[in-house]
Amino acid sequence: MILEAVYDSPYGSSFSDDSHGFRAKRGCHTALKSIRNNWSGVTWIIEGDVKAAFDCIDHDILINILRRKIKDERFINLIRKALTAGYYEFKTPVDSVVGTPQGSIVSPILCNIFLHELDEFVAGLIGTHEKGDKKRTSTEYNYRQKQIEKVRSKLGEPGQDADERKELLKELKALLTAQKQSSPMRDDGSFIRMKYVRYADDWCVGINGPKHLAVQIRDEIKAFMADKLGLTLNMEKTHIRHAKDEEAFFLGTRIKVGANSQKVVRIVDKNGRNYQKRVTGWLPQMFAPCDKLVTRLSSRGFCDLEGRPLGKAAWMFLDDDQIVSMAGAVLRGLINFYSFVDNYPDLRRVQYILKYSAAKTLAGKHRTSVRRIFQKFGDALAIEKKRKAKTAFISFPTVVDWKRDPTRFKIGEVPSSDYALQKSITLRTRSKLWMNCVICGSDEKVAMHHIRHVKKMGEKVTGFNRLMAILNRKQIPACTPCHVKIHKGIYDGLKLSDLHDPIAAAR
């Protein structure tokens, strides 16, 4: 709290506007939005990767940086003790020679304070290298411009017939196309602009200028980090990309600048008004890495490497509504994060994988086919959930409009209190006190059947205790007759699927 009051107060921050990580009202979307709005015309993009930034912060350098603003040595000593306290790794004490405290809530702001030196250094580079007020134009470009002006002056002459005007417009269109091919001179060094953005230890520099300048700036940043901060720039993962021909990768998003064809974009002016504009050339474009998302879903067991959905065996012991809501939460997180990308419709593949993975998990749980699951629960997998006299439906989220919107950034949105409360309830502590009996379905005199701690039940666990140990739960709802039978051991040895079968229960 003291560090935030000194460095990042709402009434005035010491940090750069280009720093977006671990700060109030800032995040990945504010960083990406700054690229979307301000990086038009960038020619080269430097992707910076710092090798183990959090683990390699020099304590003495950090303390000296803190002393510039904080004069209370007692507080400085407190920070130093936190830095050198060490930690336990598999019951083995590890001394903290360098790096910020492991798992401490103070580590993010300490990292921002440390890397603010990098922000100021890059700001100095921007002031040093930027020059020029306007791009120089080639001789051919100037010649075409004079021809265009001449044709336009003829269009305004009185007494023109329709055929003559049509020929002039055709000639004007041809001249505009030729002028586009002889666009203003780029990368000649007469006009240079630089952009910069950082999120924690990930940073990018955009350069509107020649490539040799991009190489020079990368080397200058590398030398500064090594000499002044004691950090190492990972040259294997630090790349210089041509913004129009290659894709840069920043905060899980692929970034290009410029398009080979015309497109319509939505523009927001300084007064907040929205309008559409047909553009060509050098506007930033952002894409979701769908191939990497499929690979990530495959590693989590939702699909195979080819993207074919699979059922999750680890979820088959959960309730139906839990299976659907958990799969839906994964989809909701992905489509919210990539809400602004230009290939937003491509995320339908992710929706398909997660939806059919949930359906296959339900089919495996109920020992039936996926087709019957959709016949029973519908296309949205709407699971009926009863609580007392109320009935609700938990369904898989469906996106109605897959239209792309480059301005759809999730900034300043706060989840509702109901959503935050529901999210905070874990599977272990989820209560079913007001639900029907899990054995016979009765809603009369339902109580909770409890067991001892799952870890203290012993090696031989049977019956309900074994099922509840698999579910990792200590309580389930049961009506009074079934509750009595549980304690008498009548249900020992039965499987969970048998409890809903009256014939099996009668045996």
Side-chain angles (χ1 to χ4, degrees), residues 3-5 7-42 45-50 53-54 105 107-123 126 193-207 243 247-257 265-274 283-289 293 332-344 347 404-416 419-420:
L3 288 173
E4 286 183 352
Y7 287 95
D8 202 13
S9 170
Y11 305 103
S13 177
S14 301
F15 294 145
S16 168
D17 287 337
D18 298 321
S19 172
H20 297 266
F22 311 126
R23 297 183 61 189
K25 298 182 181 181
R26 288 173 177 255
C28 295
H29 276 213
T30 59
L32 293 168
K33 185 178 180 180
S34 70
I35 295 177
R36 171 81 80 180
N37 294 342
N38 304 320
W39 285 43
S40 177
V42 165
I45 298 177
I46 306 174
E47 302 174 38
D49 184 89
V50 184
F54 282 84
I105 61 173
S107 294
I109 191 169
L110 289 178
C111 179
N112 272 338
I113 293 170
F114 193 77
L115 291 179
H116 178 64
E117 302 297 307
L118 174 63
D119 300 341
E120 290 188 328
F121 176 75
V122 175
I126 293 174
R193 290 292 183 269
M194 286 179 56
K195 306 294 181 182
Y196 171 70
V197 64
R198 180 178 66 83
Y199 184 93
D201 58 339
D202 293 329
W203 55 269
C204 273
V205 174
I207 300 170
E247 290 182 341
F249 194 73
F250 182 63
L251 297 181
T253 306
R254 289 175 173 160
I255 301 171
K256 290 184 69 176
V257 178
V265 298
R266 189 179 300 276
I267 304 295
V268 182
D269 63 13
K270 61 182 180 180
N271 297 321
R273 293 174 297 186
N274 290 308
L283 282 182
Q285 295 179 293
M286 297 181 175
F287 305 95
L293 294 180
R332 194 177 293 108
L334 291 174
I335 62 177
N336 282 341
F337 184 83
Y338 291 108
S339 58
F340 57 89
V341 294
D342 292 279
N343 63 336
Y344 187 68
L347 293 175
R404 61 177 286 274
D405 184 358
T407 64
R408 190 168 46 207
F409 290 93
K410 305 290 184 180
I411 298 174
E413 295 188 7
V414 180
S416 64
Y419 174 77

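Predicted, not measured: the structure shown is a model, and the values here were computed from it.
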>> My understanding is that only residues two or more places apart in sequence, or in another chain, count here; which of them pass side chain to side chain donor-acceptor pair (under 3.5 Å) with Thr30?
In response: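 Once residues adjacent in sequence are excluded, the partners of Thr30 under the side chain to side chain donor-acceptor pair (under 3.5 Å) criterion are His20.
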>> Under the rule for side chain to side chain donor-acceptor pair (under 3.5 Å), what residues qualify as partners of Asp18, not counting sequence neighbours?
In response: none
> Who are the side chain to side chain contact (heavy atoms under 4.5 Å, CB included) partners of Phe22, not counting sequence neighbours?
Replying inline: Phe54, Pro108, Asn112, Ala200
>> Suppose we screen for side chain to side chain contact (heavy atoms under 4.5 Å, CB included). Which residues come up paired with Asn336, at least two apart in sequence or across chains?
In response: Arg332, Lys410
Looking only at heavy atoms, which two atoms of [X] and [Y] are closest? And how far apart?
| X | Y | result |
| --- | --- | --- |
| Gly41 | Val257 | N-CG1, 3.9 Å |
| Asn38 | Lys195 | O-CE, 3.0 Å |
| Thr253 | Leu32 | OG1-CD1, 3.7 Å |
| Val50 | Asp201 | CG2-O, 3.7 Å |
| Pro289 | Gly252 | CD-O, 3.2 Å |

Do the side chains of [Y] and [X] get nearer than 4.5 Å, heavy atoms only?
| X | Y | result |
| --- | --- | --- |
| Phe250 | Ile35 | yes |
| Leu118 | Tyr196 | yes |
| Leu347 | Leu334 | no |
| Ile255 | Trp39 | no |

Listed partners of [X] passing salt bridge (charged side-chain N to carboxylate O under 4.0 Å, His left out), at least two apart:
| X | answer |
| --- | --- |
| Asp17 | Arg26 |
| Arg23 | Asp8 |
| Asp119 | Arg198 |
| Glu247 | Arg254 |

> Is the backbone of Val341 close enough, under 3.5 Å, to the side chain of Arg404 for a donor and an acceptor to pair up by distance?
Replying inline: no
> Would you say Ser339's side chain and Arg408's backbone share a donor-acceptor pair under 3.5 angstrom?
Replying inline: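 Side chain of Ser339 to backbone of Arg408, a donor-acceptor pair under 3.5 Å: yes, one is there.
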Would you compute the distance between atom [atom1] of [X] and atom [atom2] of [Y] and round it to the nearest 0.5 angstrom?
| X | Y | atom1 | atom2 | value |
| --- | --- | --- | --- | --- |
| Lys256 | Met286 | NZ | CE | 14.0 Å |
| Phe249 | Ile45 | CZ | CD1 | 13.0 Å |
| Ile207 | Ile46 | CD1 | CD1 | 4.0 Å |

All ring pair (Phe, Tyr, Trp, His ring centres under 6.0 Å) counterparts of [X], not counting sequence neighbours:
| X | value |
| --- | --- |
| Tyr344 | Trp402 |
| His116 | Phe15 |
| Tyr199 | none |
| Phe287 | none |

>> Please verify the inter-ring angle class for Phe409 with Phe340; under 30° counts as parallel, over 60° as perpendicular, anything in between as tilted.
In response: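 Ring orientation of Phe409 relative to Phe340: parallel.
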>> Between Tyr338 and Asn343, is the side chain to side chain contact (heavy atoms under 4.5 Å, CB included) condition met? List the steps.
In response: CA-CA 9 Å; Tyr338 291 108; Asn343 63 336; over 6 Å; no
